[in-house]
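Report on the structure given below.
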Amino acid sequence: MPELPEVEVTRLTLAERLRGARVEAVRMGKPLRWPLGCAPEALLGTWVGLMGRRGKYLWMPLEGPAPACTARGGLLIHLGMSGSLGLCDAPTQAGPHDHFELATTRGTLRLTDPRRFGAVVWSEALDVDPAARLLSNLGPEPFDPALTPRSLHQALRRRRTHIKAALLAGDLVVGAGNIYVSEALFQAGIDPRARCDRLSLARCEKLLRAVRETLSRAIALGGSTLRDFRDAHGMSGAFQQEAAVYGRAGQACARCGGVVRRIVQGQRATYFCSGCQRR
DNA sequence: ATGGGTACCTGTCTGC
DNA sequence: TGCAGACAGGTACCCA
């Protein structure tokens, strides 16, 4: 589920509300993708710092109580395919898919994740394992000014796969998952089967612009809710209503009137318009 | 080094 | 109605 826009919307709705909260209780449900990596009790009494984001990972800094400072570090949180974070004021009964809960002085933070591909991992810092290892293969942030059409073009020249797989891999630019890669390629007029090393600099420029516009538009709309994504207030996103190709196989392309196609690339569905998108 | 396939897990939808 | 099978927004890991 959650791609960069959904993770960013989650961060935006949580960061200020949780900042300065004190952790009062921790509850674990079924195992997630990786173990927490510390005793849950070690989090008790810590203070929540300002939440950050790297790619699709959230970083919640936790500081130990002064002057002892027993715990210092944070939680690296990934929402996997089906995860979402909610913050509720009054404690409510945990559901069958609530697998991590942090009761704080500012409410209870709860990770709900039916498929359990998500993770909550303790790390002393972002540049120390396990966080450093998990983040080590991530490419630049999409809005990083250091990422330019030229640098993208250079990186793509060394690849022989199709552009869809390369963007999804997340080492050229992080954040665009299956939905937004399809949408960005449509916006850029590039066929998802196009070979990376054949894309001109001009098309890389269009592509980078399309990735940035697609992601920022999705953030502004509160993300996409295909099945179950909710932000921390329980609100659905609205981006999926204006998706041009994703999930629209067989429908008419709004731009050229051709038929939107669905193919499978690397075990993942890809949607595109063969009229608008060229190799 | 790169690229392709697999695994992780559960809910929902489709077609017989 | 029941059931089997396909499919779903991610990504680490293994192997060629």
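The figures that follow rest on heavy atoms only: side chains count, while hydrogens, waters and symmetry mates do not. Nothing here was measured: the structure is a model prediction, and the numbers come from that model.
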What string of B, S and - do you get for nucleotides 3-8 of chain B, 5' to 3', if B is base contact, S is sugar-phosphate-only contact and - is no contact with any protein heavy atom under 4.0 Å?
SSSB-B
Atom-to-atom span, [atom1] of [X] to [atom2] of [N] - whole angstrom:
| X | N | atom1 | atom2 | value |
| --- | --- | --- | --- | --- |
| A/Arg268 | C/dA8 | CZ | C1' | 8 Å |
| A/His78 | B/dC9 | NE2 | P | 17 Å |
| A/His97 | B/dG11 | NE2 | C1' | 7 Å |
| A/Asp197 | B/dT2 | CG | P | 13 Å |
| A/Asp113 | B/dG11 | CG | C1' | 12 Å |
| A/Leu135 | C/dG10 | CG | P | 17 Å |
| A/Arg133 | C/dT11 | CZ | C1' | 13 Å |
| A/Lys164 | C/dG9 | NZ | C1' | 11 Å |

Tell me, which stems hold DNA chain B, with a stem being 3 or more Watson-Crick or G-U pairs in a row and both distances under 3.5 Å?
B:2-8 with C:10-16, B:10-16 with C:2-8
Of the candidate nucleotides C/dA12, C/dT11, C/dA8, which contains the atom at the shortest distance from the side chain of A/Leu134?
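Selected nucleotide: C/dA12.
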Check whether any side-chain heavy atom of A/Arg193 sits under 4.5 Å from a side-chain heavy atom of A/Ile263, and report yes or no.
yes
Does the side chain of A/Arg27 pick up a donor-acceptor pair with the side chain of A/Thr108 at under 3.5 Å?
no
Start with the C-alpha gap between A/Gln265 and A/His162, add the side-chain angles, then the distance that decides, and say whether side-chain contact (heavy atoms from CB on, under 4.5 Å) holds.
CA-CA 9 Å; A/Gln265 291 178 293; A/His162 46 257; 3.4 Å; yes
Quantified in whole Å, what is the [atom1] atom distance between nucleotide [N] and nucleotide [M]?
| N | M | atom1 | answer |
| --- | --- | --- | --- |
| B/dT14 | C/dG9 | P | 16 Å |
| B/dT6 | C/dA6 | P | 14 Å |
| B/dG5 | C/dC7 | P | 16 Å |

Only one of A/Leu172, A/Leu199, A/Asp197 clears side-chain contact (heavy atoms from CB on, under 4.5 Å) with A/Arg159; which?
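Only match with A/Arg159 under side-chain contact (heavy atoms from CB on, under 4.5 Å): A/Leu172.
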Flag the pair A/Glu205 and A/Arg150 as a salt bridge only when some basic side-chain nitrogen lies within less than 4.0 angstrom of an acidic carboxylate oxygen.
no
N-O pairing of A/Arg217 and A/Glu183 below 4.0 Å:
no
Which is it for A/Val181 and A/Thr270 under the side-chain contact (heavy atoms from CB on, under 4.5 Å) test, yes or no, and what are the steps along the way?
CA-CA 9 Å; A/Val181 165; A/Thr270 300; over 6 Å; no
Looking only at side-chain N and O atoms, does A/Lys30 come under 4.0 Å of OP1 or OP2 in B/dT10?
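Looking at the OP1 and OP2 atoms of B/dT10, one of them is under 4.0 Å from a side-chain N or O of A/Lys30.
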Of A/Tyr57 and A/Ala269, whose closest DNA chain C nucleotide lies nearer the 5' terminus?
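Per heavy-atom nearest nucleotide, the more 5' residue is A/Ala269.
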What's the spacing between A/Leu75 CG and A/Tyr57 OH if we round to 0.5 Å?
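These two atoms lie 14.0 Å from each other.
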Verdict with reasoning, A/Phe272 to A/Ile190, per side-chain contact (heavy atoms from CB on, under 4.5 Å):
CA-CA 9 Å; A/Phe272 71 107; A/Ile190 298 171; over 6 Å; no
